[in-house]
Number of protein chains: 2
Amino acid sequence: MKARYEARARVIKALAHPSRLFIVDELSRGEKCVCELTEKIGSDISTVSKHLSVLKAAGLIQDKKCGTQIYYRLRKPCIMEFFACIELVIESTAREQLELVELEVSDQNKVL
Amino acid sequence: MKARYEARARVIKALAHPSRLFIVDELSRGEKCVCELTEKIGSDISTVSKHLSVLKAAGLIQDKKCGTQIYYRLRKPCIMEFFACIELVIESTAREQLELVELEVSDQNKVL
DNA sequence: TGGCTATTTGGTAATATTGCCAACTATAAG
DNA sequence: CTTATAGTTGGCAATATTACCAAATAGCCA
């Protein structure tokens with residue numbers, strides 16, 4: 001049973017980086033080569049290449065050689081549905097924090 | 001735009017650990033206190049407490065004090081749907097690896 | 001109050017991740 | 001063959017994560 005959580009963690013860890021999330025988002029709209037992604041991300045090409053290899057090792061993307069270029073694409077587009085839930089978490093957390101701040105302010109007003 | 005990917009990465013990073021995935025799975029079946037989770041996980045209670053604080057900071061879980069115990073629960077159960085897709089990625093990757101190995105074996109048989 | 005249980009926090013050593021540079025491989029074109 | 005382009009790999013320093021122990025905090029009960 002523990003092995004299952006480790007396997008899941010490996011895949012999720014591969015997603016847990018802003019550049020890699022950007023890559024996944026880009027690939028969800030069609031395949032792209034390393035140079036295209038590198039230009040959009042703005043990091044060194046070797047950095048982008050390593051991010052791609054992390055995603056590939058996790059089974060999230062696959063590549064296809066085309067002459068001198070290598071095109072990557074998403075292997076399971078269902079990943080994208082997940083981001084809607086992540087956004088929900090982010091939004092509701094932000095809303096809650098706001099309420100906490102507002103509560104503090106109104107408490108302070110009572111004291112004054 | 002970059003900030004959005006960073007925010008997503010923070011939440012996903014909070015999920016990217018076997019023990020924390022286990023915790024999320026447990027909490028999906030109802031709230032649990034730290035001691036219950038600690039017993040199931042088998043790590044030091046301080047370790048479990050820190051995992052819980054990571055999940056809480058990410059907005060994934062929330063706590064409720066009940067006497068001397070603290071009960072945690074999932075804030076957005078939609079997270080669970082995501083794991084089905086992760087399992088799909090894991091399974092299809094495993095299947096692909098198997099095919100690769102089988103291919104290698106049959107190639108070797110041709111050579112012999 | 002003092003002790004008991006549940007939990008968090010601080011400190012720290014081991015380990016993992018990240019990003020860049022430089023060097024390397026592979027393919028295409030002249 | 002030489003050069004240029006696309007991409008990967010090795011190495012390394014900076015940074016982050018992890019897990020444990022020890023100490024602190026909080027609520028309950030005698």
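The basis for the numbers below is simple: all heavy atoms, side chains too, and nothing from hydrogens, waters or symmetry mates. Lettering follows sequence order; numbering is per chain, from 1.
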Contact check, side chains of A:Val24 and A:Leu55, non-hydrogen atoms, under 4.5 Å: yes
Residues touching DNA chain D, which here means a heavy atom under 4.0 Å, drawn from residues 2-29 of chain B: B:Lys13, B:His17, B:Arg20
Stepwise side-chain contact (heavy atoms from CB on, under 4.5 Å) check, B:Phe82 with B:Ile12: CA-CA 11 Å; B:Phe82 169 54; B:Ile12 295 173; over 6 Å; no
Ion pair check, B:Glu36 and B:Lys40, cut-off under 4.0 Å: no
A:His17 and A:His51 aromatic ring geometry - parallel, tilted or perpendicular at 30°/60° bounds: tilted
B:Thr38 side-chain N/O to B:Val34 backbone N/O, donor-acceptor pair under 3.5 Å: yes
Stepwise salt bridge (charged side-chain N to carboxylate O under 4.0 Å, His left out) test for B:Arg95 and B:Glu99: CA-CA 6 Å; B:Arg95 204 186 300 282; B:Glu99 278 167 23; 5.9 Å; no
SG-SG under 2.5 Å, A:Cys33 vs A:Cys66: no
Separation of atom CG in B:Leu37 from atom C1' in C:dT7, rounded to whole Å: 12 Å
B:Glu31 side chain reached by B:Lys64 side chain, heavy atoms, under 4.5 Å: yes
Spacing between B:Glu36 atom CD and C:dA6 atom P, to the nearest angstrom: 11 Å
Separation of atom CD in A:Glu31 from atom P in D:dA6, rounded to whole Å: 17 Å
Atom-pair distance (CD1 on B:Ile41; C1' on D:dT18), nearest Å: 14 Å
Of residues 54-71 of chain B, the positions that come close to DNA chain C - non-hydrogen atoms, cut-off under 4.0 Å: B:Thr68, B:Gln69, B:Ile70
Interatomic distance, A:Ile79 atom CD1 to A:Ser28 atom OG [nearest 0.5 angstrom]: 11.0 Å
A:Tyr72 OH to D:dA6 C1', straight-line distance once rounded to whole Å: 11 Å
Could you write out each protein N or O paired with an N or O of nucleotides 20-25 of chain C at a distance under 3.5 Å?
from, atom 1, to, atom 2, distance (Å)
C:dC20, OP2, A:Asp44, N, 3.3
C:dC20, OP2, A:Thr47, OG1, 3.1
C:dC20, N4, A:Lys50, NZ, 3.0
C:dC21, OP2, A:Asp44, OD2, 3.4
C:dC21, N4, A:Ser46, OG, 2.9

Note, B:Ile61 side chain near B:Arg75 side chain (heavy atom, < 4.5 Å): no
A:Arg20 side chain vs A:Ala14 backbone, donor-acceptor pair below 3.5 Å: yes
